[in-house]
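Before any comments, here is the structure.
Both counts, for ligands and for their atoms, begin at 1 and track the order of listing. Remember, it's a predicted structure, so these values are computed and weren't measured experimentally.
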Amino acid sequence: MDEPQTERQDLAGRHLVVGLTGGIACYKVAELVRLLTKAGASVQVVMTAAAEHFITAVTMQALSGRPVLDSQWDSRDPNNMPHINLSRAADAIVVAPTSADFIAKLAHGQADELLSLTCLARPSEHCALLLAPAMNREMWAHPATRRNVDRVIADGAVLLGPTAGDQACGEIGDGRMLEPAELLEEVVAFFQPKALLGRRVLVTAGPTYEPIDPVRGLTNLSSGKMGFAVARAAREAGAEVTLVAGPVHLPTPRGVKRIDVRTAQQMFDAVMPAASRHDVFVATAAVADWRPATPASEKIKKEDGGKQAPKFDLTENPDILASVARLPKAPFCVGFAAESHDLARHARNKLKSKGVPLVVGNLGPDTFGRDDNALLLVDAKGERELPRADKLTLARQLVREIAACLGGKGA
Ligand code: CTP
């Protein structure tokens with residue numbers, strides 16, 4: 001997974017208690033604390049006695065920049081009530097790893113050491129409880145754990161994972177803790193405003209690839225980064241998101257359903273049946289307008305020593321955005337205009353030619369492959385610039401604009 005972009009300081013001003021309970025996944029929490037602090041959060045680590053068998057307080061202190069707390073009898077706080085002070089100061093308690101035993105304790109309101117005391121004492125309206133379970137698959141599947149998990153969710157805890165995969169015990173299955181970068185993404189998402197809660201959002205991203213023969217094709221320089229950022233931002237804002245991606249090698253944003261396609265026709269076929277079930281369609285993909293009419297079934301070879309260039313006819317691809325906008329139950333459609341010049345004029349023309357309420361203009365050569373961009377939003381009311389920033393920041397601004405256009409809940 002790519003190193004997440006932490007220069008955005010997504011967690012600036014947030015104070016987190018990171019609680020470690022007993023489990024081999026403790027070693028990953030060293031990295032998590034580093035990522036959280038790099039993202040701008042201040043972190044106070046609390047460890048149970050079991051956690052201290054797996055990783056030392058020295059490591060966690062060095063990474064968080066604060067002495068680790070591990071006892072309810074710690075007398076350094078003047079009032080001698082660390083569980084109250086910790087839970088009043090924090091925006092969230094992130095328990096990672098959360099053991100089966102700790103979930104059982106939470107489910108029953110047990111509070112016999114500092115971390116469980118702090119969880120029980122938290123004022124739930126301004127201190128969230130985020131749990132990152134980590135355990136063997138049989139322990140995760142056990143009816144007792146299932147009951148306890150249901151209980152703690154009903155009591156207001158938020159589960160981050162777990163996921164399926166290789167386990168430290170050598171078995172494979174559910175119960176593996178999310179990776180540190182995934183946990184960071186989840187914590188950042190948790191704090192984003194939920195402007196699209198309950199909405200369904202469909203996004204296209206990346207280039208398309210139109211085969212000429214089995215080894216060559218027509219494509220373009222789109223990296224897919226803007227579309228992936230839009231999908232992530234929409235999911236952070238509470239939407240259920242489907243991402244139809246052309247051929248790109250980008251990690252799927254957490255919680256987003258991804259459908260991989262190669263050609264414009266495949267993108268069209270994936271989008272059209274799904275579009276009416278969505279509230280919003282954001283077409284960021286750089287769809288090839290043309291494709292070779294009859295791709296060669298075998299590699300085209302040089303004839304006459306290469307003097308004769310091969311000739312092939314092109315045929316037009318379906319216009320996905322315009323087709324979605326024409327549907328009887330069309331979602332709110334957002335088009336992207338990648339131009340090389342006259343951005344405002346071309347973007348405004350596309351409002352009409354595509355029949356959509358919002359077009360986002362950007363200069364192709366200034367955005368393809370880059371991590372930042374600058375956008376021009378064009379709608380019936382006028383134009384608004386979103387100045388140059390990283391693509392996720394811009395995507396979050398765009399999501400807020402879309403939510404405002406939709407009105408109603410969450411906007
Ligand atoms: N688009 C689409 N299907 C196509 C072509 C474009 O869905 N076959 C969408 C893009 O995803 C984008 C918008 O239409 O949201 C505009 O794409 P762009 O390539 O800039 O415009 P074109 O319609 O191709 O016009 P031109 O190439 O002349 O600028």
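Closest heavy-atom approach to atom 3 (N) of ligand 1 within the set Val334, Val356, Val360, Ile320: this belongs to Ile320. Taking all heavy atoms of Lys350, Lys354, Arg291 into account, the minimum distance to atom 6 (C) of ligand 1 is reached by Lys354. When the heavy atoms of Ser222, Ala337, Pro318, Gly335 are ranked by distance to atom 8 (N) of ligand 1, first place goes to Pro318. Comparing Val324, Leu321, Asn349 against atom 9 (C) of ligand 1, the shortest heavy-atom distance belongs to Leu321.
Closest approach of Gln266 to Arg262, counting heavy atoms only: OE1-N, 2.7 Å. Between Thr21 and Cys26 the shortest heavy-atom distance is O-SG, 3.2 Å.
In the vicinity of Ala338, heavy-atom distances shorter than 4.0 Å reach the ligand 1 atoms 20 (O).
Atoms OG1 and CZ, on Thr118 and Arg88 in that order, are 10.0 Å from each other to the nearest 0.5 Å.
Closest to atom 10 (C) of ligand 1, if we only count protein heavy atoms, is Ala285 O, 3.3 Å. Scanning the protein heavy atoms around atom 5 (C) of ligand 1, the nearest turns out to be Asp289 OD1, 3.6 Å. The protein atom (non-hydrogen) at minimum distance from atom 15 (O) of ligand 1 is Ala283 O, 2.5 Å. The protein non-hydrogen atom at the shortest distance from atom 16 (C) of ligand 1 is Phe336 O, 2.8 Å.
The local environment of CD in Glu298 is sparse, with at most 12 non-hydrogen atoms from other residues, nucleotides or ligands closer than 6.0 Å.
A side-chain contact (heavy atoms from CB on, under 4.5 Å) with Leu202 is found for exactly one of Val244, Val324, Val280, namely Val244.
One N or O on the side chain of Asp91 and one on the backbone of His15 form a donor-acceptor pair closer than 3.5 Å.
Of the charged side-chain nitrogens involved, at least one lies within less than 4.0 Å of a carboxylate oxygen, so that Arg137 and Glu171 count as a salt-bridged pair.
Protein heavy atoms are absent from the 4.0 Å sphere centred on atom 19 (O) of ligand 1.
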